[in-house]
Amino acid sequence: MLTDHVQITEEKLLSDNWYILKRFTFNYLGKNGQWTTQQREAYDRGNGATILLYNSQADTVILTRQFRLPTFVNGNPTGMLIEACAGLLDDEHPDDAIRRETEEETGYRIQSVQKVMEAYMSPGSVTEKLFFYIAHYTADTERLAGGGIDEEEIDILELPVSEAIDMVVRGEIMDGKTIMLLQYLRLQQLTNSLN
């Protein structure tokens, strides 16, 4: 791989146990005009999508709660994390993937999704780009079992938006993608531009 300021000279597979971990050796052209040789590791788990389900009549959102081992080993005493529904694209278009994930995790069968942004969540070490969505639901939205598939054990939470925002402030919601979606929703509410 070659650009005008980066030349990858070696790509070494370190692990493909869960996803793909590689070490890259590359030459980098600095602002001073000098080339330096550097090494970095990158974890590739594919791209993903996340969604916040919002009921504008009740002013509520649907979130999930599940065990996340990395948070447990980094100080979360229970390992349980409250999050917006999310999942990998698995070679699907992001719109289709997030509808599938929404049904698998929450049980809600939604048709219309609104893409609000794309973001790299941990660009220093993970290749993943997330596609962020908002979708409306009501008490009449078709709902199946939800709760995840395979080994997933997912609790579904319906919360007032104000309570979810307060949970962020209190440190009870610590997931970055969820915080971003809640803040996006609150900004849209404040500017009255969310349909």
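Hydrogens, waters and symmetry mates play no part in the numbers below; they use all other heavy atoms, side chains included.
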Apply the test side-chain contact (heavy atoms from CB on, under 4.5 Å) to residues Lys177 and Leu130: give CA-CA distance (whole Å), side-chain angles for both, the deciding distance (0.1 Å), then the verdict.
CA-CA 9 Å; Lys177 66 185 179 297; Leu130 273 185; 4.0 Å; yes
For Asn27 and Val6, what are the C-alpha separation, side-chain angles and deciding distance, and is it a side-chain contact (heavy atoms from CB on, under 4.5 Å)?
CA-CA 6 Å; Asn27 296 323; Val6 179; over 6 Å; no
Begin with the C-alpha distance, continue with both residues' side-chain angles, and end with the deciding distance and a verdict on salt bridge (charged side-chain N to carboxylate O under 4.0 Å, His left out) for Arg23 and Glu41.
CA-CA 4 Å; Arg23 182 177 64 225; Glu41 293 178 3; 5.2 Å; no
Should Met121 and Met180 be marked as a side-chain contact (heavy atoms from CB on, under 4.5 Å) after you check the CA-CA gap, both sets of side-chain angles, and the distance that decides it?
CA-CA 11 Å; Met121 297 302 292; Met180 290 169 68; 3.8 Å; yes
Kindly indicate, with the supporting measurements, whether the criterion side-chain hydrogen bond (donor to acceptor under 3.5 Å, both in side chains) is fulfilled by Asn55 and Thr138.
CA-CA 6 Å; Asn55 182 329; Thr138 68; 5.9 Å; no
Run the side-chain contact (heavy atoms from CB on, under 4.5 Å) check on Gln7 and Trp35 step by step: do they pass?
CA-CA 10 Å; Gln7 301 168 339; Trp35 286 94; 3.7 Å; yes
Apply the test side-chain hydrogen bond (donor to acceptor under 3.5 Å, both in side chains) to residues Arg186 and Gln189: give CA-CA distance (whole Å), side-chain angles for both, the deciding distance (0.1 Å), then the verdict.
CA-CA 5 Å; Arg186 178 49 53 95; Gln189 288 177 326; 3.1 Å; yes
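Summarising the geometry of Glu101 relative to Ala86, their closest heavy-atom pair is OE1-O, 3.3 Å, with the distance given to 0.1 Å. For the pair Ile8 and Phe26, the tightest heavy-atom approach, listed with the atom from each and the gap, is CA-CB, 3.9 Å. For the pair Pro94 and Ala49, the tightest heavy-atom approach, listed with the atom from each and the gap, is O-CB, 4.3 Å. Residues Phe132 and Leu181 come closest through the heavy atom pair CD2-CG, 3.7 Å. The two atoms that bring Glu128 and Tyr120 nearest to each other are O-CD2, 3.6 Å, heavy atoms only.
Side-chain atoms of Thr50 come within 3.5 Å of backbone N or O of Cys85 as a donor-acceptor pair. Using modelled atom types, no side-chain atom of Tyr54 and backbone atom of Ile134 make a donor-acceptor pair closer than 3.5 Å. No side-chain donor-acceptor contact under 3.5 Å links Arg109 to the backbone of Arg99. Counting only distance, with no hydrogens or angles, the side chain of Asn47 and the backbone of Lys129 share a donor-acceptor pair below 3.5 Å.
By the criterion of side-chain heavy atoms lying less than 4.5 angstrom apart, applied directly or through intervening Ile, Leu, Val, Met, Phe, Trp or Tyr residues, Ile98 is grouped together with Tyr108 in one hydrophobic cluster. Residues Tyr184 and Leu182 share a hydrophobic cluster, clusters being chains of Ile/Leu/Val/Met/Phe/Trp/Tyr side chains in contact below 4.5 Å. A single hydrophobic cluster is seen to contain both Ile110 and Ile156, as judged by linkage of ILVMFWY side chains at heavy-atom distances under 4.5 Å, directly or through other members. Tyr133 and Val61 fall into different hydrophobic clusters, defined by Ile, Leu, Val, Met, Phe, Trp and Tyr side-chain heavy atoms under 4.5 Å apart, directly or through other members. No continuous path of hydrophobic side-chain contacts links Val113 to Leu88 [ILVMFWY only; heavy atoms under 4.5 Å].
Note that the CG atom of Leu14 and the CG atom of Leu21 stand 4.5 Å from one another [nearest 0.5 Å]. Rounded to the nearest 0.5 angstrom, Lys115 NZ and Ile51 CD1 are separated by 13.0 Å. Separating the CD1 atom in Ile82 from the CG atom in Asp175 is a distance of 10.0 Å, to the nearest 0.5 Å. With values rounded to the nearest 0.5 angstrom, His136 atom NE2 is found 10.0 Å from Leu52 atom CG. Taking OG1 of Thr71 as the start and CG of Asn76 as the end, the distance is 4.0 Å to the nearest 0.5 Å. For the atom pair Leu63 CG and Thr106 OG1, the distance stands at 10.5 Å (nearest 0.5 Å).
Atom OH of Tyr19 has more than 12 neighbouring heavy atoms from other residues, nucleotides or ligands inside a 6.0 Å radius.
Among residues two or more places apart in sequence or in another chain, the ring pair (Phe, Tyr, Trp, His ring centres under 6.0 Å) test is passed with His93 by none. In this structure Thr36 satisfies the side chain to side chain donor-acceptor pair (under 3.5 Å) test together with Gln38, sequence neighbours excluded.
Partner of Thr25 under the side-chain hydrogen bond (donor to acceptor under 3.5 Å, both in side chains) criterion, chosen from Gln39, Glu11, Lys12: Gln39.
Contact of the Glu104 side chain with the Thr102 side chain is not registered, since no non-hydrogen atoms from C-beta on lie closer than 4.5 Å. Counting only heavy atoms from C-beta outward, the side chains of Leu144 and Glu103 approach each other to under 4.5 Å.
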Show the atom names and distances, to 0.1 Å, of all donor-acceptor pairs under 3.5 Å that link a side chain in residues 157-168 to residues at least two apart or in another chain.
{"from": "Glu158", "atom 1": "OE2", "to": "Thr60", "atom 2": "OG1", "distance (Å)": "3.4"}
{"from": "Glu158", "atom 1": "OE2", "to": "Tyr137", "atom 2": "OH", "distance (Å)": "2.6"}
{"from": "Glu163", "atom 1": "OE2", "to": "Arg170", "atom 2": "NH2", "distance (Å)": "2.9"}

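Taking the six-membered ring for Trp and thresholds of 30 and 60 degrees, Tyr28 and His5 have ring planes more than 60 degrees apart, a perpendicular arrangement.
For residues 47-69, the salt bridge (Lys or Arg N to Asp or Glu O under 4.0 Å) pairs, not counting sequence neighbours, are Arg65-Asp155, Arg68-Glu83.
The other members of the hydrophobic cluster of Val73, by chain and number, are Phe67, Leu69, Phe72, Met80 (side-chain heavy atoms under 4.5 Å, ILVMFWY only). By the 4.5 Å side-chain criterion applied to Ile, Leu, Val, Met, Phe, Trp and Tyr, Ile20 is assigned to a cluster that also includes Leu13.
Side-chain N/O atoms of Thr127 and Asp44 include a donor and acceptor closer than 3.5 Å.
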